[in-house]
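Below is one structure, written out as structure tokens; comments come after it.
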Protein chains: 2
Amino acid sequence: MKHFNTTDQTDQPRKTGFVDDYLLYLLAAASDAASAQFHAHVRKAGLRVPEWRVLACLNDQDGAMITHLAQIALVEQSRLTRIIVQMEERGLVQRANDPSDGRRVRIYLSDAGRSLITSVIPEARAHEQALLAQLGEDGGTALKQALHRLLETLAQQKGGDN
Amino acid sequence: MKHFNTTDQTDQPRKTGFVDDYLLYLLAAASDAASAQFHAHVRKAGLRVPEWRVLACLNDQDGAMITHLAQIALVEQSRLTRIIVQMEERGLVQRANDPSDGRRVRIYLSDAGRSLITSVIPEARAHEQALLAQLGEDGGTALKQALHRLLETLAQQKGGDN
DNA sequence: CGATATTATATGAAAATTCATATTGTTTAC
DNA sequence: GTAAACAATATGAATTTTCATATAATATCG
């Protein structure tokens with residue numbers, strides 16, 4: 001049982017290249033790897049990843065409209081529409097037309113959905129704490145700060161000059 | 001032309017919730033938003049995102065095997081197999097059986113692929129520099145450091161104890 | 001050596017995703 | 001008040017993606 005060099009299947013020269021220090025790659029790789037761990041829990045709870053995201057967002061903003069939910073849950077709108085259909089069929093959410101604007105469809109947690117998300121969020125917090133602990137007191141806060149800062153910066157750019 | 005509050009379509013109570021400071025969400029949101037900017041360039045170069053990732057990885061590790069490429073390009077193996085087929089049809093890469101192990105298929109940049117990636121990488125670097133500049137001297141390095149650290153930590157966990 | 005386990009890649013088929021656009025409701029400007 | 005612009009959601013159809021598993025090559029173990 002050799003447990004070293006797990007990723008390097010081959011014997012490449014191994015000079016560090018472009019990708020290994022490219023910001024967008026680091027972000028994607030870190031997000032992927034970190035999320036993969038927790039996504040195991042998500043699946044055990046009977047949810048797919050986008051469903052977990054939708055529920056988590058509804059937990060914070062119940063009654064959000066589809067478009068808004070799509071933005072915060074990082075899902076394209078037409079995809080979200082179909083995901084919501086499935087989730088409604090499964091009884092996790094309910095949709096309701098906004099009386100003040102007939103175009104809007106607001107999504108609400110059902111009791112089942114709320115109870116499910118209520119059970120998963122503590123797992124998420126626990127997983128997050130474990131990860132932050134491994135990064136050390138300052139490592140964790142530094143990471144979060146840096147990410148918040150990046151997000152602010154990117155948000156500014158969007159609203160900025162068009 | 002109102003250019004504030006772009007994301008908040010509705011008028012929700014807006015008490016900060018779970019998601020807004022959840023590490024995995026920050027990572028996914030940051031990766032998404034940051035990458036979205038550059039992905040516009042990628043598409044203009046006639047590439048889809050996974051193709052760009054594959055080429056960028058090959059740029060660093062030409063001749064990598066499918067499995068390895070799948071890991072570093074953050075794509076599932078069977079998907080990558082099909083992506084590679086398409087890329088070969090388009091003349092961006094070539095596959096070659098590894099003489100030392102008949103199971104392995106090694107992927108090499110074609111001349112066209114190399115010339116394409118050679119033209120895109122500078123754009124990537126430029127975009128990255130612009131973003132880092134906006135984060136400020138220290139902000140950028142702090143972010144990268146934090147991400148590297150996270151990746152190390154996650155990698156350790158994988159190899160660690162099984 | 002031969003059986004068995006393991007590794008690398010490919011593939012069928014169901015399901016999900018994308019993209020462009022249709023549909024429906026609302027606001028704006030005359 | 002109505003036409004034109006805009007906004008929110010839905011949908012058709014092609015393509016992609018996923019998941020489990022098939023296939024093929026190699027390694028291991030008795």
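Throughout, protein chains are lettered first and strands after them, A, B, ... in sequence-line order, and every chain is numbered starting at 1. Computed from a predicted model, the values in this text were never measured in an experiment.
- Between B:Q71 atom CD and C:dT7 atom P there is a gap of 12 Å when expressed in whole angstrom units.
- Comparing A:P50 and A:S100 against DNA chain C, the residue whose closest nucleotide sits nearer the 5' end is A:P50.
- Nearer to the 5' terminus of DNA chain D, by closest-nucleotide assignment, is the contact made by A:I66 (compared with the other of A:I66 and A:R43).
- A donor and an acceptor atom, one from each side chain of A:Q77 and A:Q71, are nowhere located under 3.5 Å apart.
- Between A:I83 atom CD1 and D:dA10 atom C1' the separation is 14 Å, expressed in whole Å.
- Following rounding to the nearest Å, A:L69 (CG) and D:dA8 (P) show an atom-to-atom distance of 14 Å.
- The side chain of B:T81 contributes an N or O atom lying less than 4.0 Å from OP1 or OP2 of C:dA10.
- Between B:R82 and the phosphate of C:dG12, there is no side-chain N or O to OP1/OP2 separation shorter than 4.0 Å.
- At a threshold of 4.0 Å, the pair A:R125-A:E128 does not count as salt-bridged, since none of the basic side-chain nitrogens sits closer than that to a carboxylate oxygen.
- B:K44 has no carboxylate O lying under 4.0 Å from a charged side-chain N of B:E123, or vice versa, which leaves the two without a salt bridge.
- In this structure, the side chain of B:D60 engages the main chain of A:V19 through a donor-acceptor pair within 3.5 Å.
- For D:dA7, neither phosphate oxygen OP1 nor OP2 lies less than 4.0 angstrom from any side-chain nitrogen or oxygen of A:T67.
- If you measure from atom CZ of B:R79 to atom P of D:dT16, you get 10 Å, rounded to the nearest angstrom.
- Side-chain nitrogen and oxygen atoms of A:R95 include at least one within less than 4.0 Å of the OP1 or OP2 phosphate oxygen of D:dA10.
- Under 4.0 angstrom from either OP1 or OP2 of C:dA16 there lies at least one side-chain N or O belonging to A:R48.
- The aromatic rings of B:H127 and B:F38 sit tilted relative to each other, their planes meeting at an angle between 30° and 60°.
- Contact between the side-chain N/O atoms of A:Q86 and the OP1/OP2 oxygens of C:dA16 is found at a separation under 4.0 Å.
- Candidate nucleotides C:dT18, C:dT9, C:dT24 were compared by shortest atom distance to the side chain of A:S78, and C:dT18 ranks first.
- In the set C:dT6, C:dA10, C:dT18, the nucleotide with an atom closest to the side chain of A:E76 is C:dT18.
- Checked by distance alone, A:Q77 brings no side-chain donor or acceptor within 3.5 Å of a matching partner on the base of D:dA8.
- Counting to the nearest Å, the C1' atom of C:dA8 and the CD1 atom of B:I84 are 14 Å from each other.
- Here C:dT26 presents its C1' atom at 12 Å from CG of A:D98, a figure rounded to the nearest Å.
- Between B:R103 atom CZ and C:dA8 atom P there is a gap of 6 Å when expressed in whole angstrom units.
- The CZ atom of A:R104 sits 10 Å away from the C1' atom of C:dT26 (whole-angstrom rounding).
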